[in-house]
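Throughout, residue positions are numbered sequentially from 1 according to the sequence presented. Here the structure is a predicted model, which means the values were calculated and not measured.
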Amino acid sequence: MSPMKDQIFYHRAYKKLARTRLSNLLKFLILVIPIDLVIAVFYFRLMRSFVGVVREILLRCGVYTQIETWPFLPYVFRDVYLLDMAVVYPSRQFALINFGVSVLVVALLPRLRIIPRPLMVWVVFVALINTVSSAFFTLIPELFPYDIVLFSSLYMGTQLGMWLLIPLILAIALTPLPAHILEKLSIVVLTVIYSIAFGAVRYAAFLYVMYKSSVLYMAAMFFTFGPLFDFVYVVGIYSIYVSVMANRLQRHQEIWRWLF
C-alpha cells in the first residue's frame, strides 16, 4: 500500500461492499412491507388525523379551514381528506411586480459569482416558476384553473404516495449495508414518521402563505417544496446513517475493500 493510501481513512473513500444477495433483500422487504400495509389499511384514519393536526396549527395562526373529502383512486384509495379555505388572488399590479422581480433574479443572479452554484440554480428555478405564474396572473387571471381543493387533493394524494414509496426505497438502499436488520428497520420507521410530521408542517405553511399572501405562489411552493422535496430529506437521513455506520466500522478492514 502506498504512503498516500495510508493517509486515507477507510470510512471516507475508495471502499466497496460485498454484493447483496437477493435473499437478504427479500428478508428485509418482509419486515418493511407491513409498514406499507398498515398505511394502506389505515390511510383514511391517518389522513383524518393528519389534516386535523394541520387545521389546529392553522387555527393557532388565525386561519380558519374546513375539512373535506375528495375522490382519489377508484378502488384502493377512494377518498382522501383535505382542507379547504378562502385564499387571496393577486391583483394585476401585484402580479406585475412579482414578474419584474423574478425576471431580475433570473437575469442577474447567475452573474454573481459569490453565490454557491447549487443555491443559485435552485433560486433561479424558483424564480422561473414564479415568472410564469406572475405572467399568467398579469395577462389572463380569469383563466386560473386551480383552487385550494384541487391543490390540496394533489398535495394529499402525492403525500400518500410518498409515504408508501419511502419504505420500499429505503429497503433497497439499506439492504447492502453491514448493519443489524432491526437497526435498518428503525431507520425506515423513523423516516416515515419524520415524513408525516414534516408533511403536516409544510401543508400548514403552504396554506398560510396562500391565505395571507396570494395563490400566485402556489406553483412555486409545490414544485420546489412539495412532496417531491421529500427525496431530499430521505437522501439526507440515509447519508447521515451511512456516515455514522462507516465511521463506526472504519477499523473493520475486512468489510471495506479497495476499489483498485
- Is a salt bridge present between Arg202 and Asp230, judged by a nitrogen-to-oxygen distance below 4.0 Å? yes
Cluster link [X] to [Y], ILVMFWY, side chain under 4.5 Å:
| X | Y | value |
| --- | --- | --- |
| Val132 | Met221 | no |
| Ile57 | Met210 | no |
| Val41 | Leu164 | no |
| Val54 | Phe44 | yes |
| Tyr208 | Val88 | no |

- Task: Given side chain to side chain contact (heavy atoms under 4.5 Å, CB included), test Thr69 with Val80 step by step and report yes or no.
- Result: CA-CA 5 Å; Thr69 58; Val80 293; over 6 Å; no
Taking C-beta and beyond as the side chain, do [X] and [Y] meet within less than 4.5 Å on heavy atoms?
| X | Y | result |
| --- | --- | --- |
| Glu56 | Leu59 | yes |
| Val87 | Met85 | yes |
| Leu185 | Phe28 | yes |
| Tyr211 | Thr65 | no |
| Tyr89 | Phe144 | yes |
| Gln159 | Ser195 | yes |
| Leu83 | Arg55 | yes |

Look up atom [atom1] in [X] and atom [atom2] in [Y], then write down how far apart they are to the nearest 0.5 Å.
| X | Y | atom1 | atom2 | answer |
| --- | --- | --- | --- | --- |
| Phe151 | Met156 | CZ | CE | 11.5 Å |
| Leu31 | Lys184 | CG | NZ | 10.0 Å |
| Thr175 | Leu170 | OG1 | CG | 10.0 Å |
| Met218 | Leu207 | CE | CG | 9.0 Å |
| Tyr203 | Leu82 | OH | CG | 5.5 Å |
| Leu174 | Met245 | CG | CE | 9.0 Å |

Taking every non-hydrogen atom, the tightest pair across [X] and [Y]:
| X | Y | answer |
| --- | --- | --- |
| Phe137 | Leu216 | CE1-CA, 3.8 Å |
| Ala179 | Glu183 | CB-OE2, 3.7 Å |
| Ser214 | Phe94 | CB-CE2, 3.9 Å |
| Trp122 | Phe225 | CZ2-CZ, 3.1 Å |
| Val105 | Ala127 | CG1-CB, 3.7 Å |
| Thr224 | Phe229 | O-CD1, 3.4 Å |

- Test item: side-chain donor near acceptor, Ser134 and Asn98, under 3.5 Å: no
- Query: Do Thr191 and Tyr238 get their side chains close enough for a donor-acceptor pair, meaning under 3.5 Å?
  - Reply: no
Is a donor on one side and an acceptor on the other found under 3.5 Å between the side chain of [X] and the backbone of [Y]?
| X | Y | result |
| --- | --- | --- |
| Tyr155 | Gly199 | yes |
| Ser243 | Ser239 | no |
| Ser102 | Phe99 | no |

- Message: Which residue in the set Ile196, Leu190, Val189 passes side-chain contact (heavy atoms from CB on, under 4.5 Å) when paired with Val192?
- Response: Ile196
- Item | Qualifying residue, where the test is side-chain contact (heavy atoms from CB on, under 4.5 Å) with Trp70 and the options are Asp84, Leu154, Leu150, Asp79 | Leu150
- Task: Begin with the C-alpha distance, continue with both residues' side-chain angles, and end with the deciding distance and a verdict on side chain to side chain contact (heavy atoms under 4.5 Å, CB included) for Tyr233 and Ile166.
- Result: CA-CA 11 Å; Tyr233 65 73; Ile166 286 174; 4.2 Å; yes
- Can you list the steps and then say if Trp163 with Phe198 is a ring-ring contact (aromatic ring centres under 6.0 Å, His included)? CA-CA 12 Å; Trp163 294 340; Phe198 178 78; over 10 Å; no
- Item | Step-by-step side chain to side chain contact (heavy atoms under 4.5 Å, CB included) determination, Val126 to Phe223 | CA-CA 8 Å; Val126 176; Phe223 286 109; over 6 Å; no
- Message: Is there a side chain to side chain contact (heavy atoms under 4.5 Å, CB included) between Leu112 and Met120? Walk through the geometry before answering.
- Response: CA-CA 9 Å; Leu112 300 179; Met120 182 274 295; over 6 Å; no
- Within 6.0 Å of CZ in Arg60, more than 12 heavy atoms from elsewhere: no
- Task: Take Tyr81 and Phe50, measure what ring-ring contact (aromatic ring centres under 6.0 Å, His included) needs, and give me the verdict at the end.
- Result: CA-CA 9 Å; Tyr81 276 107; Phe50 181 87; over 10 Å; no
